[in-house]
Amino acid sequence: MVVRPLQGEFAAEVIGLRLPVDDATFRDVELAWLRHPILVFRDLQMTPQQHIAFTRRFGPLHIMEPLQYNLPGYPEIFVVSNVEEGGKALGMKRAGWGWHTDGEDKAIPNAGSMLYALELPPEGGDTLYADGYAAYEALSADVKDKIRGRRACFSRIKLHHVHYPHLPALTEEDKRKRPDVWHPLERRHPKSGRTALYIGRWACAIEGMPEDEGAQLVRWLQEFSVRPEFVYRHRWRLHDAVLWDNRCAQHCATPFDDAKYRRHMLRTTLEGDAPMMATSPARSLASP
Ligand code: SIN
């Protein structure tokens, strides 16, 4: 197995990994992921069982809801796809067309996700990743002072119709399951100990700030965090699997002509921890 940087420390590719991996190789993969929040495994031809088993080694898996978008027989696999068979959608269409981290609108957001490419359009459909560590480091002292110790509100209830106009409205039951949550804007990564700017498209307010001022700062942070200098564009190759770290990186799927071309991807998702303020102590790197 060889790990080669693709863009600074932020993204790297892993060549020659074959599943299943032994413990020593897995430890190298884990350390590589800690160093490179975006890890691209090339030509990782895997079955759904192997995809699940490999991701599960990083931690417990999350089952995405509603269950209708998951692979039949494999609830751990969320299908991101515009493909239909017999008039039935095989997965969620246009998932992730907008900057976010997975589960940012839940009390316990997801630690990581692994997306595997099974069918790709000839153009478009890249995925962009934005480096939350680099964005945090680049913030001016003034802005850091403004956000220090503050949390942002992430609201599925307020923003579902904005981000998913093509999906059914939330039911009262959905709303009960996805109440507004508050997360630190300066997020300490539990394993690397580094601080990332934690923001995404479900953010809408900042605690302790008047509504207008908070909303304006949220918008500014959203735009700042995805400036081109922080972004890696992944141009997919068949059988690439990208493992990303939601604790320090946002991602965004880019459009493609989904009336003309097929894009079919399978995703596993890792459970996470409650986000920590930058002032919280980090766990040792020796025990990932
Ligand atoms: C996602 O947000 O999980 C999907 C990203 C993609 O389809 O590129």
Requested in this report: From the options Asp105, Asp180, Asp174, select the one residue that forms a side-chain contact (heavy atoms from CB on, under 4.5 Å) with Arg156.
Outcome: Asp105

Query raised in the report: When clusters are formed from ILVMFWY side-chain contacts under 4.5 Å, directly or step by step, what else is grouped with Phe230?
Result: Tyr136, Leu139, Val143, Ile147, Leu185, Leu197, Ile199, Ile206, Met209, Leu217, Val218, Trp220, Leu221, Phe224

Requested in this report: Hey, can you tell me if Tyr129 and Tyr232 have their rings parallel, tilted or perpendicular (30° and 60° cut-offs)?
Outcome: parallel

**Report entry** Flag for Tyr116-Thr268: side-chain donor and acceptor within less than 3.5 Å
**Finding:** no

Query raised in the report: Taking atom CG of Asp102 and atom CD of Gln250, what is their separation to the nearest 0.5 Å?
Result: 11.0 Å

Report task. Mind telling me whether His183 and Phe154 have parallel, tilted or perpendicular rings, with 30° and 60° as the class edges? Result -> tilted

Query raised in the report: So, Arg35 and Asp245, do they make that salt bridge, N to O below 4.0 Å?
Result: no

Report task. Could you tell me the separation between the NZ atom of Lys260 and the CD atom of Glu123, rounded to the nearest 0.5 Å? Result -> 6.5 Å

Report task. Could you check whether the rings of Trp202 and Tyr164 sit parallel, tilted or perpendicular, using 30° and 60° as the cut-offs? Result -> tilted

**Report entry** Pairs flagged by ring-ring contact (aromatic ring centres under 6.0 Å, His included) wherever residues 245-268 is involved - sequence neighbours left out
**Finding:** His100-His251, Trp244-His251

Query raised in the report: Does a donor on one side chain sit under 3.5 Å from an acceptor on the other, for His234 and Thr127?
Result: no

Query - Any side-chain donor near an acceptor of the partner, Lys106 and His62, under 3.5 Å - result: yes

Query raised in the report: Parallel under 30°, tilted from 30 to 60°, perpendicular over 60°: which one fits the rings of Phe78 and Tyr69?
Result: perpendicular

Query raised in the report: Could you give the distance from CD (Gln222) to CZ (Arg219), rounded to the nearest 0.5 Å?
Result: 8.5 Å

**Report entry** Ion pair check, Glu13 and Arg4, cut-off under 4.0 Å
**Finding:** yes

Requested in this report: Consider only side-chain N and O atoms of Gln68 and Asn70, and report whether a donor and an acceptor are under 3.5 Å apart.
Outcome: no

